[in-house]
Novice: 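Handing you a structure now.
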Amino acid sequence: MWRDDASLLDMLIWARRAHDFTAQLKQDAFEADQLVQSATVRCLEVIGEAASRVSPAFREGHPEIPWREIMGMRKRLAHEYGHVDLAEVWRAATRDCPQLISQLEPLVPADSLPLPDEWEFL
């Protein structure tokens, strides 16, 4: 289904971005940098929103991906923004996103990669 493909691609793009934002940092540097925190939180929100757009049938067919946790993270970040746990955001970006990337890459249609140049602004 094209919508699933588009949502999976969105998840992959934003997971890579979250990981890239944090890859060269130590956790204390991340916790001191509000700009990187905000960018990373936004990436995690988009990943969760895209996950919620993946069809239930597809999600059921891929239980190795923690769909519920991904969507729950998005809900917490968007609605409980005053109580964001930076350590949890750090773990999501540095530990969970690389795992998610490796799970998503085989699922994203090959003709979607590499990304078109006009998508580089994302």
Side-chain angles (χ1 to χ4, degrees):
M1 168 183 256
W2 72 266
R3 185 172 179 165
D4 288 342
D5 291 346
S7 296
L8 293 169
L9 179 58
D10 285 343
M11 291 175 68
L12 179 58
I13 290 168
W14 291 89
R16 286 177 175 167
R17 180 143 299 165
H19 179 65
D20 289 348
F21 287 158
T22 57
Q24 302 301 316
L25 298 177
K26 300 248 186 258
Q27 186 172 356
D28 59 338
F30 170 77
E31 291 181 359
D33 190 330
Q34 291 181 2
L35 183 62
V36 175
Q37 292 168 24
S38 296
T40 305
V41 165
R42 175 65 179 148
C43 291
L44 298 176
E45 288 174 341
V46 173
I47 294 166
E49 182 64 26
S52 73
R53 295 177 185 205
V54 174
S55 69
F58 189 92
R59 291 195 306 255
E60 289 171 15
H62 295 279
E64 71 278 9
I65 297 175
W67 302 103
R68 190 171 185 192
E69 291 83 357
I70 292 168
M71 292 182 288
M73 170 72 94
R74 181 248 172 233
K75 184 177 178 180
R76 285 190 310 279
L77 292 172
H79 298 288
E80 299 173 22
Y81 53 85
H83 305 286
V84 171
D85 182 348
L86 290 178
E88 187 176 344
V89 172
W90 173 258
R91 279 190 303 277
T94 61
R95 184 194 67 199
D96 299 338
C97 281
Q99 181 177 354
L100 181 61
I101 291 164
S102 68
Q103 292 170 320
L104 290 173
E105 283 177 336
L107 302 176
V108 172
D111 60 353
S112 299
L113 301 171
L115 299 177
D117 288 340
E118 62 269 18
W119 286 20
E120 290 303 314
F121 71 93
L122 294 177

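No hydrogens, no waters, no symmetry mates; every other heavy atom, side chains included, goes into these values. Remember, predicted model here, so these are calculated numbers, not experimental data. We number each residue from 1, following the sequence as shown.
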Novice: Please report the shortest heavy-atom distance between Leu8 and Leu107, naming the atom on each side.
Specialist: CD1-O, 4.0 Å
Novice: Could you tell me if the side chain of Lys75 sits less than 4.5 Å from the side chain of Ser52, heavy atoms only?
Specialist: no
Novice: Would you check if Val54 and Ile65 make a side-chain contact, meaning some heavy-atom pair closer than 4.5 Å?
Specialist: no
Novice: Sorted by first residue and then second, give each ring pair (Phe, Tyr, Trp, His ring centres under 6.0 Å) pair with at least one member in residues 16-48; sequence neighbours left out.
Specialist: Phe30-Trp90
Novice: Please enumerate all residues that pass salt bridge (Lys or Arg N to Asp or Glu O under 4.0 Å) together with Arg53, with sequence neighbours excluded.
Specialist: Glu49
Novice: Closest heavy-atom contact between Gly48 and Met71?
Specialist: O-CG, 3.7 Å
Novice: Please determine whether side chain to side chain contact (heavy atoms under 4.5 Å, CB included) holds for the pair Val89 and Leu77, giving the CA-CA distance in whole Å, both sets of side-chain angles, and the decisive distance to 0.1 Å.
Specialist: CA-CA 9 Å; Val89 172; Leu77 292 172; 4.0 Å; yes
Novice: Do Glu105 and Arg16 touch side chain to side chain, with heavy atoms closer than 4.5 Å?
Specialist: yes
Novice: So, taking the atom named CG in Asp20 and the one named OG1 in Thr40, what distance separates them when rounded to the nearest 0.5 Å?
Specialist: 10.0 Å
Novice: Would you call Ile47 and Cys97 a side-chain contact if the rule is heavy atoms closer than 4.5 Å?
Specialist: yes
Novice: Residues in side-chain contact (heavy atoms from CB on, under 4.5 Å) with Asp33, at least two apart?
Specialist: Leu35, Val36
Novice: Find the distance between CZ (Arg42) and CG (Leu44) and round it off to the nearest 0.5 Å.
Specialist: 11.0 Å
Novice: With sequence neighbours excluded, give me every salt bridge (charged side-chain N to carboxylate O under 4.0 Å, His left out) pair touching residues 56-67.
Specialist: none
Novice: Identify the residue among Ile13, Leu9, Asp10 that makes a side chain to side chain contact (heavy atoms under 4.5 Å, CB included) with Val108.
Specialist: Leu9
Novice: What I'd like to find out is whether the side chain of Val84 reaches to under 4.5 Å of the side chain of Gln37, using heavy atoms alone.
Specialist: no
Novice: Heavy atoms only: give me the nearest Pro106-Ser102 pair and the separation to one decimal.
Specialist: CD-O, 3.2 Å
Novice: Tell me whether the count of non-hydrogen atoms from other residues, nucleotides or ligands lying under 6.0 Å of NE2 in His83 goes above 12.
Specialist: no
Novice: To check you understand the geometry: which heavy-atom pair defines the closest contact between Ala18 and Ala93, and what is its length?
Specialist: O-CB, 3.9 Å
Novice: Does Glu88 have any salt bridge (Lys or Arg N to Asp or Glu O under 4.0 Å) partners at least two apart in sequence or in another chain, and if so, which?
Specialist: Arg76
Novice: Hey, are the side chains of Leu12 and Ile101 touching, using non-hydrogen atoms and a 4.5 Å cut-off?
Specialist: yes
Novice: Among residues two or more places apart or on two chains, list those pairs meeting salt bridge (charged side-chain N to carboxylate O under 4.0 Å, His left out) that have a residue in residues 23-32.
Specialist: none
Novice: Once you round to the nearest 0.5 Å, how far does CZ of Arg91 lie from CG of Asp85?
Specialist: 6.0 Å
Novice: Would you say that Met73 contacts Asp96 through its side chain, given a criterion of any heavy-atom pair below 4.5 Å between the two side chains?
Specialist: no
Novice: Supply the atom-to-atom distance Met11 CE to Trp67 CH2, rounded to the nearest 0.5 angstrom.
Specialist: 4.5 Å
